[in-house]
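Here the structure is a predicted model, which is why all the values come from computation and not from measurement.
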Amino acid sequence: MWLFKRKGPSGFSSSSTAEEVTQGIDGSGLTAIVTGASSGIGAETARVLALRGVRVVMGVRNMAAGQEVKDAIVKETPEAKVDVSELDLSSLASVRNFAKEFKSSGRPLNILINNAGVMATPFKLSKDNIELQFATNHLGHFLLTNLLLDKMKKTCHQTKREGRIVIVASEAHRYPYREGVRFDKINDQEGYSSFFAYGQSKLSNVLHANELARRLKQEDDADITANSLHPGAITTNLFRHVGILGGLASTVGKYVLKNIPQGASTTCYVALHPQVKGISGEYFGDNNIAKASSMAMDADLGRRLWDFSVSLTNPK
């Protein structure tokens, strides 16, 4: 349980909050995109980044909910710079439209936080006829990242500041289907497991971050890092599809799970903290570097996933 964990090498622990891990950090002049920022740890991430002076672009599916979060942030921090844009990660067309609108805005991009996600949903295909959890949690973010990468590189060159790509994964990456990623059966309804499919999508998050980091390291002029993280077990609306477990999370979660400020802390730490400068291709948990599964560290699997994702998204 997080209550009993001690501080790690970073000086922070699982009980640290997003405000605590960013205390004293000046994010002025930085621009960040946070997907899934209309609720849960995404909303808290947006709030704390804005509190530290970062211009935040909230990518949200529900614009009304996103506007409410923005209004609350500005009410608390009147000088906050926050924008809300529509983004449905389960729709490749929506991802393309969001990226196009952002690039046409002329804004720089220093930080990309791929946070949005769904968990343990009943079998369903996305608008692009791809299994929903894989489509939303991984594929939409894969396309978004590729579409915005040149903008991030340009920003790094112009500002001489490191760019950071932060992918919110989960310890569930340790529990995918037996083969890891079901490349040949990604839409197989008969063998579908909501939990294994979630694990598959979260494994894909870690593999994506690692392969992206490897590719960026090969580019001499790309001062951009890519890392993944486990936010912790948190009482959020992600549990809405898991029946009795959702009820348990709601009733006893406040005693054994992280709260939302604690759940957003590792995301904010990886996105902003000077300790993370130059660190890429790592997996974080509880505001410290952690160890991902052996499957998540499989470079061949990461390259295969990359090629598979390109074939499904055609990002160019």
Side-chain angles (χ1 to χ4, degrees), residues 18 22 27-63 65-67 69-70 73-74 80-92 94-117 136-156 158-159 161-169 205 208-209 212 216 222-229 231 264 266-272 276 313 315:
T22 58
S28 300
L30 298 175
T31 298
I33 289 174
V34 182
T35 70
S38 61
S39 64
I41 64 173
E44 177 69 358
T45 297
R47 183 188 74 82
V48 173
L49 292 184
L51 181 66
R52 302 305 178 214
V54 179
R55 172 177 285 278
V56 178
V57 177
M58 300 167 53
V60 300
R61 187 176 58 181
N62 185 329
M63 288 292 287
Q67 187 62 47
V69 171
K70 174 186 174 178
I73 292 173
V74 173
K81 299 179 286 292
V82 184
D83 299 294
V84 184
S85 294
E86 187 172 5
L87 173 61
D88 180 355
L89 270 302
S90 70
S91 165
L92 297 179
S94 178
V95 172
R96 291 182 188 280
N97 187 61
F98 174 89
K100 181 180 179 181
E101 288 189 356
F102 181 84
K103 288 188 285 188
S104 66
S105 72
R107 294 195 185 98
L109 181 59
N110 306 91
I111 303 167
L112 173 61
I113 299 178
N114 293 334
N115 164 82
T136 304
N137 297 350
H138 166 65
L139 206 60
H141 283 127
F142 178 86
L143 177 60
L144 180 67
T145 302
N146 280 357
L147 292 175
L148 294 175
L149 202 52
D150 284 343
K151 168 61 71 172
M152 291 195 75
K153 291 176 181 177
K154 184 177 180 181
T155 300
C156 289
Q158 292 177 339
T159 63
R161 300 178 77 166
E162 177 185 80
R164 296 187 184 183
I165 297 170
V166 183
I167 300 178
V168 179
N205 288 156
H208 175 207
L212 178 58
L216 289 168
D223 186 19
I224 301 173
T225 62
N227 294 288
S228 58
L229 64 92
T266 304
T267 302
C268 291
Y269 173 75
V270 177
L272 275 189
V276 188
T313 59

### Query
Would you call the rings of His208 and Phe142 parallel, tilted or perpendicular, where under 30° means parallel and over 60° means perpendicular?
tilted
### Message
What I'd like to find out is whether the side chain of Val34 reaches to under 4.5 Å of the side chain of Thr267, using heavy atoms alone.
### Response
no
### Task
Step by step, work out the side chain to side chain contact (heavy atoms under 4.5 Å, CB included) result for Asn110 and Val54.
CA-CA 10 Å; Asn110 306 91; Val54 179; over 6 Å; no
### Summary
Note: Ala80 and Ala50 closest approach over all heavy atoms is CB-CB, 4.0 Å
## Note on the structure
Between the CD atom in Glu86 and the CG atom in Asn62, the distance rounded to the nearest 0.5 Å is 9.5 Å
### Task
Give the C-alpha distance, both sets of side-chain angles, the deciding distance and a yes or no for side chain to side chain contact (heavy atoms under 4.5 Å, CB included) between Leu87 and Ile33.
CA-CA 11 Å; Leu87 173 61; Ile33 289 174; 5.7 Å; no
## Note on the structure
d(Lys153 NZ, Ile224 CD1) to nearest 0.5 Å is 6.5 Å
### Query
Just by distance, do the side chain of Thr35 and the backbone of Ala116 share a donor-acceptor pair under 3.5 Å?
yes
#### Entry: Side chains of Cys268 and Thr45 in contact at under 4.5 Å (non-hydrogen atoms)
yes
### Query
If you look at every heavy atom in Thr136 and Ser90, which pair is closest and at what distance?
OG1-CB, 3.3 Å
### Query
If you look at every heavy atom in Ile165 and Thr145, which pair is closest and at what distance?
CD1-CG2, 3.9 Å
### Query
How many angstroms lie between CG in Asn146 and OG1 in Thr313, if you round to the nearest 0.5 Å?
6.5 Å
### Polar contact flag, side-chain donor to acceptor under 3.5 angstrom, Arg52-Thr22
yes
### Message
For the backbone of Leu147 and the side chain of Lys103, can you confirm whether one donor and one acceptor N or O come within less than 3.5 Å of each other?
### Response
yes
### Query
Closest heavy-atom contact between Leu272 and Ile111?
CD2-CD1, 4.0 Å
### Message
Determine whether Ile73 and Val56 satisfy the following criterion, side chain to side chain contact (heavy atoms under 4.5 Å, CB included), listing intermediate values before the conclusion.
### Response
CA-CA 11 Å; Ile73 292 173; Val56 178; over 6 Å; no
#### Entry: Minimum-distance pair of heavy atoms, taken over all atoms of Ser85 and Met63
C-SD, 3.7 Å
### Query
Between Glu44 and Ala264, what is the shortest heavy-atom contact and its length?
CG-CB, 3.6 Å
## Note on the structure
In this structure, CD1 of Ile113 is separated from CE of Met58 (nearest 0.5 Å) by 12.0 Å
#### Entry: Sub-4.5 Å side-chain heavy-atom contact between Val57 and Leu109
no
### Test item: Asn227 side-chain N/O and Val166 main-chain N/O as donor-acceptor pair under 3.5 Å
no
### Query
Rounded to the nearest 0.5 Å, what separation is found between the OG atom of Ser28 and the NZ atom of Lys81?
6.0 Å
### Message
What verdict does the side chain to side chain contact (heavy atoms under 4.5 Å, CB included) test give for Thr31 and Thr155, after you've listed the backbone C-alpha separation in whole Å, the side-chain angles of each residue and the deciding distance to 0.1 Å?
### Response
CA-CA 10 Å; Thr31 298; Thr155 300; over 6 Å; no
### Query
Would you say the side-chain atoms of Asn115 pair up with the backbone N or O of Val168, donor to acceptor, closer than 3.5 Å?
no
### Cys156 side, atom SG; Glu162 side, atom CD - distance, nearest 0.5 Å
7.5 Å
### Donor-acceptor pair, side chain of Ser228 and main chain of Ile167, under 3.5 angstrom
no
### Query
For Arg55, which of Val82, Leu49, Asp83 qualifies under side-chain contact (heavy atoms from CB on, under 4.5 Å)?
Asp83
